[in-house]
Amino acid sequence: MDQQNKHKRSDSEPSPHAPANQPYLNGHAHLLEELRWLNRLLLAHVLRLRRANFYDGVKDLRGFFAAEEEIDAIFNEGLLENDHDSDGNASEQIARLQTQALQIRAHIAARLQAGIAQNFALPLPHLANCFHLHPFEQQALVIGLAPQIDARYDKVYAYLQNDLTKKFPSVDLILSLLCESAEARLAGLNYFHPAASLRRFGLLESAENELETSAAQRALRLTARVLHYALGSNVVDEQLAQDVRFWPPLAWDKVVLPDSLQQRVRALFQTSLAAEASQPRPVWYLHGRAGTGKKVLARALCGEKNVVLLAVDLRAWLAHPETLHEKVRLLLREGLLQPAAIYFEHLEKLEAAAEENPLLWARLIKEIIELGWMTFLGSENPVPMALLDLPLILPVEIPVPDHRTQQTLWQLHLNGAYAGDENNIAEQLSSCFNLTGSQIARTVQAAQVVKRVHEPERQNLSLTELIAGSRIQSQPKLSTLARKVALKRRSEELVLPEEQALQLREMAKQVKHGRMVMEEWGFTEKLSLGKGLNALFVGSSGTGKTMAAEVIARELGLDLYKIDLSAVVSKYIGETEKNLNRVFTEAEHSNAILFFDEADALLGKRSEVKDAHDRYANIEIAYLLQKMEEYEGITILAPNLRKNIDEAFTRRIRFIVEFPFPDETHRRRIWQAIWPHATPLATEVDLDFMARQFKLTGGNIRNIALTAAFYAADNGKAVGMKHLIRATKREFQKMSKQCLKSDFGEYYELLEHEPKVEFSQT
């Protein structure tokens with residue numbers, strides 16, 4: 001090769017850009033010196049091939065290969081600096097280039113060592129450290145990287161491989177550049193095995209169809225993520241970008257967890273940091289109810305190392321389980337490159353999927369052992385047996401926040417957003433709603449949104465907005481088995497004897513103070529079951545059971561769900577229990593009121609077992625008892641007849657409220673309260689007569705009032721006695737009762753002159 005550099009050095013040493021004891025200031029400076037080393041290897045190999053007359057037979061095929069003159073020009077124009085001496089024969093030049101390459105290699109090593117001493121982090125050395133790469137593998141990466149950042153290397157590699165289409169280095173070319181003997185080449189082949197680091201960790205990939213080439217001729221290149229990382233870009237792998245989220249580390253004063261738990265976990269974390277590098281890396285298994293602070297704790301631990309948390313929701317990946325293994329490997333590799341701790345959310349979903357595909361566990365464990373350095377697994381379930389295969393699994397249970405903890409969480413997230421006394425509002429909200437930290441945070445955010453939409457000029461949140469947001473967060477998913485009841489009834493509309501009204505007020509007070517008595521006063525330690533509140537509303541249809549449930553729910557600010565017994569009770573053996581389990585499971589932690597109306601079908605007395613149906617009927621009753629005791633919210637059962645109720649229920653029910661048939665005094669109050677303010681009533685309306693004469697329940701009175709209103713609307717007049725009497729007749733007909741003159745008294749004649757109904761033609 002004819003080199004005509006004007007400024008030749010008198011010796012063979014390379015021209016370093018900085019002394020050996022000065023670290024590289026950035027990754028680009030290091031990469032440029034790696035390319036200086038590579039250039040000498042490439043030119044030496046070019047000269048070796050020419051010396052062997054490798055290209056003598058292709059002189060007439062210019063255009064189909066890279067000509068010697070073209071390759072010479074590439075080196076002359078910049079791949080080699082002016083420190084190359086081309087004097088002497090080919091053997092001398094090759095020896096000189098090899099010596100220079102060794103000197104540059106030693107110079108690079110010295111500067112990298114100086115950088116380590118000063119804690120300088122560079123991309124390529126970091127790659128080598130993360131994946132425990134041998135120096136041979138590190139140099140192979142540089143060879144594979146060159147054509148991806150400088151197109152001139154395309155020509156050089158094509159020339160050296162005698163194939164213009166081979167723009168990436170083959171395994172054979174890399175071995176030729178780095179190995180001096182046949183033994184070294186054979187040993188070097190092992191570094192390109194699919195199970196070796198370069199291929200297993202996705203650092204190098206094949207640039208062509210592997211089935212069409214031999215192992216030695218297979219061209220290799222850096223994968224896109226590793227290439228960008230080597231060039232200084234630390235953007236997350238594009239194959240993961242849509243699935244992962246970065247969370248910054250969190251200070252411990254933002255973590256609301258029991259002090260004893262914090263101290264224990266921090267001490268355990270410090271112990272794991274102090275362990276030797278040869279020890280197994282710990283894997284943190286954080287389990288507890290959704291929203292209790294598993295990720296918050298992980299972020300706080302990340303603060304101990306000042307790294308970010310990279311989280312992925314496994315529910316999205318499990319939609320395509322065939323790609324799960326590959327994505328897990330890429331994510332754990334990303335954790336090493338960033339560096340970032342890795343958090344797998346909703347591991348309980350993987351646990352469910354692994355019942356059909358047990359290999360999911362094996363692959364996850366394998367990847368964590370190989371690539372995980374600071375790994376968190378988040379689940380709602382305790383540690384599954386499969387994860388005990390991990391060398392060092394650290395399970396930590398995150399408890400559901402108690403009453404006092406929820407108050408602290410409310411104060412933390414409100415942070416001055418409420419105009420009044422935040423201590424008082426936190427006490428009130430934590431007494432009514434059983435929310436986790438994430439639910440409280442979302443409640444405050446939702447309330448802020450509502451305020452901005454409706455009253456943007458107002459600075460602070462209102463109690464109404466916070467209660468509405470809390471109810472949304474605590475809503476159970478009962479759409480198929482229950483109906484949410486609109487809470488329109490007020491306490492003044494509910495007409496009951498004083499004793500029953502007092503019982504309902506006591507129920508509301510027990511709910512308000514339940515958290516204090518159970519948690520702060522220690523009754524939780526005495527009660528394994530029955531921490532919720534259950535009640536039995538007994539009375540004939542229409543006596544006010546549903547209205548009472550509405551009034552209690554409205555007063556407490558809770559949702560009321562009326563269970564659809566037609567969807568729950570099944571004639572098929574075992575189906576009723578499944579449906580009951582769905583009801584209580586979906587309502588768990590919601591603090592909603594579950595209202596079983598017309599519950600006689602569920603509460604029948606247990607009978608002597610004479611056949612299979614008797615046995616399963618008794619099982620249904622026992623199962624309902626069990627679920628009611630486990631449920632920590634409010635359960636109200638409303639049968640019509642108490643005599644049909646199994647005595648086991650009455651022993652385990654905290655409140656039994658009898659809804660009596662209303663007497664005349666209470667019927668008079670119901671008649672007065674039933675009319676909306678906007679409904680016109682004629683002065684002739686005699687409510688005393690209606691209350692005295694007709695022994696009806698509140699439900700019957702409501703039906704009569706509504707029907708009478710429609711009669712009056714049809715006449716375009718106020719509601720009068722004739723409308724009420726006609727409506728009462730219709731209600732009697734529904735009840736299969738005769739309309740006797742003794743019942744209707746002086747107004748009986750109004751029934752004898754009922755208007756004829758004519759339908760107009762439209």
Side-chain angles (χ1 to χ4, degrees), residues 130-131 194 199-203 205 223-226 228-229 234-248 281-299 302 307-390 393-395 398 438 477:
C130 286
F131 303 107
R199 303 289 299 279
R200 185 169 86 249
F201 299 136
L203 307 181
E205 64 182 1
T223 55
R225 176 65 182 100
V226 177
H228 295 149
Y229 181 80
N234 211 12
V235 178
V236 69
D237 194 314
E238 61 181 7
Q239 298 179 72
L240 303 172
Q242 301 301 317
D243 301 325
V244 300
R245 181 175 177 182
F246 284 94
W247 293 89
R281 300 184 186 96
V283 178
W284 295 84
Y285 187 88
L286 310 180
H287 63 100
R289 173 182 161 188
T292 50
K294 299 186 289 291
K295 194 185 299 143
V296 167
L297 178 58
R299 291 173 62 189
C302 287
V307 294
V308 298
L309 184 68
L310 189 55
V312 63
D313 189 336
L314 284 175
R315 292 176 296 184
W317 283 3
L318 286 170
H320 302 282
E322 68 280 359
T323 64
L324 179 67
H325 174 229
E326 175 68 15
K327 288 195 171 183
V328 167
R329 186 169 58 83
L330 291 177
L331 180 63
L332 290 168
R333 185 187 72 178
E334 195 65 43
L336 293 172
L337 295 178
Q338 288 294 334
I342 300 300
Y343 185 88
F344 292 96
E345 295 186 79
H346 295 292
L347 200 72
E348 71 277 357
K349 301 301 181 184
L350 178 64
E351 187 177 354
E355 293 180 2
E356 297 182 4
N357 186 1
L359 287 178
L360 293 176
W361 279 130
R363 291 172 175 173
L364 176 69
I365 292 170
K366 176 179 179 292
E367 296 300 340
I368 290 176
I369 292 174
E370 288 191 350
L371 288 171
W373 76 281
M374 189 171 174
T375 310
F376 297 93
L377 306 175
S379 176
E380 295 186 23
N381 301 333
V383 183
M385 294 295 293
L387 286 184
L388 297 179
D389 292 338
L390 283 167
I393 184 81
L394 299 177
I398 313 297
S438 64
K477 301 174 182 178

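All values below come from the heavy atoms of this structure, side chains included, with hydrogens, waters and symmetry mates left out.
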Is there side-chain contact between M374 and W284, with at least one heavy-atom pair below 4.5 Å?
no
Closer than 3.5 angstrom, by distance alone: can the side chain of R281 be matched with the main-chain N or O of G372 as a donor-acceptor pair?
yes
Between the side chain of R225 and the main-chain N/O of V235, is any donor-acceptor distance below 3.5 Å?
yes
Nearest 0.5 Å, please: how far is CZ in F201 from CG in L371?
5.0 Å
Shortest non-hydrogen contact between L314 and H346, atoms and distance:
CB-O, 4.0 Å
From L359 CG over to L324 CG, what is the distance, rounded to the nearest 0.5 angstrom?
11.5 Å
Side chain to side chain contact (heavy atoms under 4.5 Å, CB included), that's the test. Do V312 and L240 meet it? Break it down for me.
CA-CA 9 Å; V312 63; L240 303 172; over 6 Å; no
Please check if atom CD in E356 has more than 12 non-hydrogen atoms from other residues, nucleotides or ligands closer than 6.0 Å.
no
With a 4.5 Å cut-off on side-chain heavy atoms, are P384 and W361 touching?
yes
Heavy-atom nearest pair, L347 first then S379, reads CB-CB, 3.9 Å
Would you call the rings of F344 and W317 parallel, tilted or perpendicular if under 30° counts as parallel and over 60° as perpendicular?
perpendicular
Applying the side-chain hydrogen bond (donor to acceptor under 3.5 Å, both in side chains) test to H325, which of E367, R363, K366 qualifies?
E367
Please answer whether the main-chain N or O of G335 pairs with a side-chain N or O of W373 as donor and acceptor at a distance below 3.5 Å.
yes
Can L330 and E326 be said to form a side chain to side chain contact (heavy atoms under 4.5 Å, CB included), step by step?
CA-CA 6 Å; L330 291 177; E326 175 68 15; 3.9 Å; yes
Testing the basics here: between D237 and R333, what is the closest heavy-atom pair and its distance to 0.1 Å?
OD2-NH2, 2.9 Å
What one should report as the nearest heavy-atom pair of Q239 and K327 is O-CE, 4.3 Å
Please find the pair of heavy atoms, one from P282 and one from L394, that lie closest to each other, and give the distance.
CB-CD1, 3.5 Å
Quick one: does any side-chain atom of Y229 pair with a main-chain N or O of Q338 as donor and acceptor, under 3.5 Å?
no
Rounding to 0.5 Å, atoms CG (D389) and CD1 (I369) come to a distance of 8.0 Å
Determine whether a donor-acceptor pair (N or O, by modelled atom type, separation under 3.5 Å) exists between the side chain of K294 and the backbone of R289.
yes
Start with the C-alpha gap between D243 and D313, add the side-chain angles, then the distance that decides, and say whether side chain to side chain contact (heavy atoms under 4.5 Å, CB included) holds.
CA-CA 7 Å; D243 301 325; D313 189 336; over 6 Å; no
Which atom names give the shortest non-hydrogen contact between L318 and A353, and what distance separates them?
CD2-CB, 4.2 Å
Just by modelled atom types, is the E380 backbone N or O under 3.5 Å from a matching donor or acceptor in the E348 side chain?
yes
